[in-house]
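Take a look at the structure set out below.
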Amino acid sequence: MLHLTSMTSNPTSSNHPVDKGWAWVILAGSSLIFMIYVGTIKTSGLFFVAFQDYYKSEASTTSIIPGVLQIVYSIASLPILTFGLHHLSVRQMIIVGGFLGSIAYFLGFFADRIEILIVTHGVIYGIGFATIHGPAAYLIGIYFNRRRELANSVLVASSGFGGLVVPPLFRYLLDVYGLRGTMLIFSGVIFNVVALAGLLKPPSLFQLFSNSNSKSKPEYSIVQIQDNHEYSQVSTGKKRSISLSERPTPGNGVSSSFEKDETWGSLPHRLDIKTHHISRFSQSFRSLGSTDAVYSLSQSQLNESQAQKDVKNKIIDISLLKKPLLQMYLFVYLFGSIGSAYGHIYISPFARDHGMTTTEVSILVSVTNMCDFIGRGLCGVIANQRIVKNSTIVAISQLVTGATLALCPFYGSFWSFIVLAVMFGLFAGAIFSMTPSIVVDFVGIENFRTAFGILILGQGITMGTGAPLLGYLRDVSLSYMPSFYFMGACLILSGLTLLVEPCVRKRQDKMESQARLSEEVALST
């Protein structure tokens, strides 16, 4: 009778901390990176006005810069989240983004016409933003589980805090050093992202340390065989679990041992043998019985690992687009992003058209970003309480933001613009704060990279064409009101669509149930 008196296993494939320990350092480092990088983007409203004044450009031409940035960011995000993260770690990706962002503003220092800024602040900075935004959100999803909504909201809220801190700095630098000097200084500020990326330890690093510690501690397994009641002590030299005997066939007393021992669990999970170890273990245990069972079980585990590798090698899973929930949210994200993102940019020139001074415009930008920081943080707190569904939070926020922009005829005085800044800031950022958690809810963390990349790719199409359209409406009508009407309509349409999420979820559950039933029928035949 086979009896194992000492056994260990390798239950996990990764030992990185989740919701604790270094996970909070990851969140802090990522938040500081977002504060610098995205906070600079949130100052685009002030840059928009400064570019118009310095280069004497029209609104439609200046609007090409954020439009190109969004197109490049969206197109680059999918290959970066799939192929890029397949070959590079998140930390390496963010280091690349830090270099690109710094280079973009450094080259902008030498720009003598607006078309050059389309390349530097649009193309180069857009690629850099793509290497930071998606990978950082993905890393947060790995290091956080139970508190993922809160972590995502803190991460995105940090960009709002950056939008609160950066505009006063920009205003001061612009008054002292001019536009070109400001871009040169911003180049150095953005370069700090490279240093902050050093805090973002890859999860595989923790597993590497774990394996290194386990290799230095050989473990022993005691095997008892009923035939001669002798004990053999074997050193594996690794943290392994080996049990060898004759095949468990009826009548030999071995199968009953396995049936009675409920702690034995699944044999493939008890065996963790690499190919080059099989022959050595076979020779060591040959005197104890047949090794065919061990070899076959180890081979089955190796085949299972190979199957998992094949799944990982399928980097882009286009079949995700068949999921109704992802289809619905793709539509929501495409149209909802237009007003939520570009409102930050066009509030400044809209206020400028109403006679606001540069100081008052800077105050509006700071108020908007301060409320944006508060609003995104509140989204995380509310979502973490599980009181309201994530999709419901976004739907309500989209509707309120759309109504706020659609009421643009009522904004004229400085304090009315303060109301606009407060309402827009509190509600506009919810879609960006909650999207990573919603994507995980809809398709799972294992499909996050592809699904998030698809969303961003689609977002680039609508936002890339939306920015020049908003600028064109301003040039044709000589007012930003048509642009605000358009953004408000997109937001309201997005919010109403998201309210039908329960019906779409029922449809997806029905489709998945039918697919599982078809597979079971196919297997049974």
Side-chain angles (χ1 to χ4, degrees), residues 33-34 36-45 47-48 51 57 60-85 87-88 90 92-111 113-138 156 159 183 186-187 190-191 193-194 316 330 333-338 340-342 344-346 432 435 449-472:
I33 291 171
F34 264 50
I36 295 174
Y37 217 97
V38 187
T40 303
I41 295 178
K42 285 185 173 294
T43 318
S44 298
F47 274 109
F48 191 95
F51 290 158
S57 59
S60 57
T61 304
T62 311
S63 298
I64 294 177
I65 297 176
V68 170
L69 187 150
Q70 289 296 334
I71 291 176
V72 173
Y73 158 69
S74 303
I75 294 175
S77 290
L78 183 59
I80 285 172
L81 285 169
T82 53
F83 294 102
L85 289 182
H87 298 287
L88 297 176
V90 171
Q92 292 169 329
M93 274 293 177
I94 292 180
I95 289 175
V96 172
F99 273 108
L100 290 176
S102 179
I103 290 173
Y105 273 81
F106 179 76
L107 295 177
F109 170 77
F110 301 98
R113 59 184 188 273
I114 193 71
E115 289 77 13
I116 296 178
L117 295 181
I118 294 175
V119 177
T120 58
H121 289 58
V123 178
I124 300 177
Y125 202 82
I127 297 174
F129 185 37
T131 61
I132 287 178
H133 184 220
Y138 174 66
V156 183
S159 62
M183 287 193 287
F186 265 68
S187 173
I190 295 171
F191 194 73
V193 169
V194 177
I316 301 179
L330 179 61
Y333 198 68
L334 295 189
F335 287 91
S337 298
I338 295 177
S340 298
Y342 286 142
H344 284 278
I345 297 175
Y346 288 100
F432 303 117
T435 288
R449 290 188 298 174
T450 299
F452 197 66
I454 291 172
L455 289 178
I456 296 175
L457 181 61
Q459 179 195 41
I461 298 174
T462 55
M463 294 188 65
T465 56
L469 176 61
L470 294 172
Y472 173 77

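The analysis underlying the following values was restricted to heavy atoms, covering all of them including side chains, and did not include hydrogens, waters or symmetry mates. This one's a predicted model, so the numbers in the text were calculated from it and none came from an experiment.
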[X]: partners by side-chain hydrogen bond (donor to acceptor under 3.5 Å, both in side chains), with sequence neighbours left out:
X: T120; result: none
X: H121; result: none
X: Y342; result: none
X: T131; result: none

Donor-acceptor contact below 3.5 Å, side chain [X] vs main chain [Y]:
X: S187; Y: Y105; result: no
X: T40; Y: I36; result: yes
X: S337; Y: L334; result: no

Straight-line distance of [X] [atom1] to [Y] [atom2], nearest 0.5 Å:
X: I127; Y: L69; atom1: CD1; atom2: CG; value: 10.0 Å
X: M183; Y: F109; atom1: CE; atom2: CZ; value: 8.5 Å
X: F51; Y: I65; atom1: CZ; atom2: CD1; value: 5.0 Å

Would you please classify the geometry between the F129 ring and the Y73 ring as parallel, tilted or perpendicular, with 30° and 60° separating the classes? parallel

Would you please name every residue forming a side-chain contact (heavy atoms from CB on, under 4.5 Å) with F335, sequence neighbours left out?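 If we apply the side-chain contact (heavy atoms from CB on, under 4.5 Å) test to F335, skipping adjacent residues, the hits are F331, C490.
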
For the residue pair [X] and [Y], what are the closest heavy atoms and their distance?
X: L100; Y: Y37; value: C-OH, 4.4 Å
X: P135; Y: A130; value: CD-O, 3.5 Å
X: I94; Y: A136; value: CD1-CB, 4.2 Å
X: G126; Y: V72; value: C-CG1, 4.0 Å

Tell me if the centroids of the rings in F106 and F191 come within less than 6.0 Å of each other. no

Output, in order, the C-alpha distance, side-chain angles, deciding distance and verdict of side chain to side chain donor-acceptor pair (under 3.5 Å) for Y472 and S63. CA-CA 9 Å; Y472 173 77; S63 298; over 6 Å; no

Using the test ring pair (Phe, Tyr, Trp, His ring centres under 6.0 Å), find all partners of F34 that sit at least two apart in sequence or belong to another chain.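 Per chain and number, F34 pairs via ring pair (Phe, Tyr, Trp, His ring centres under 6.0 Å) with H133.
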
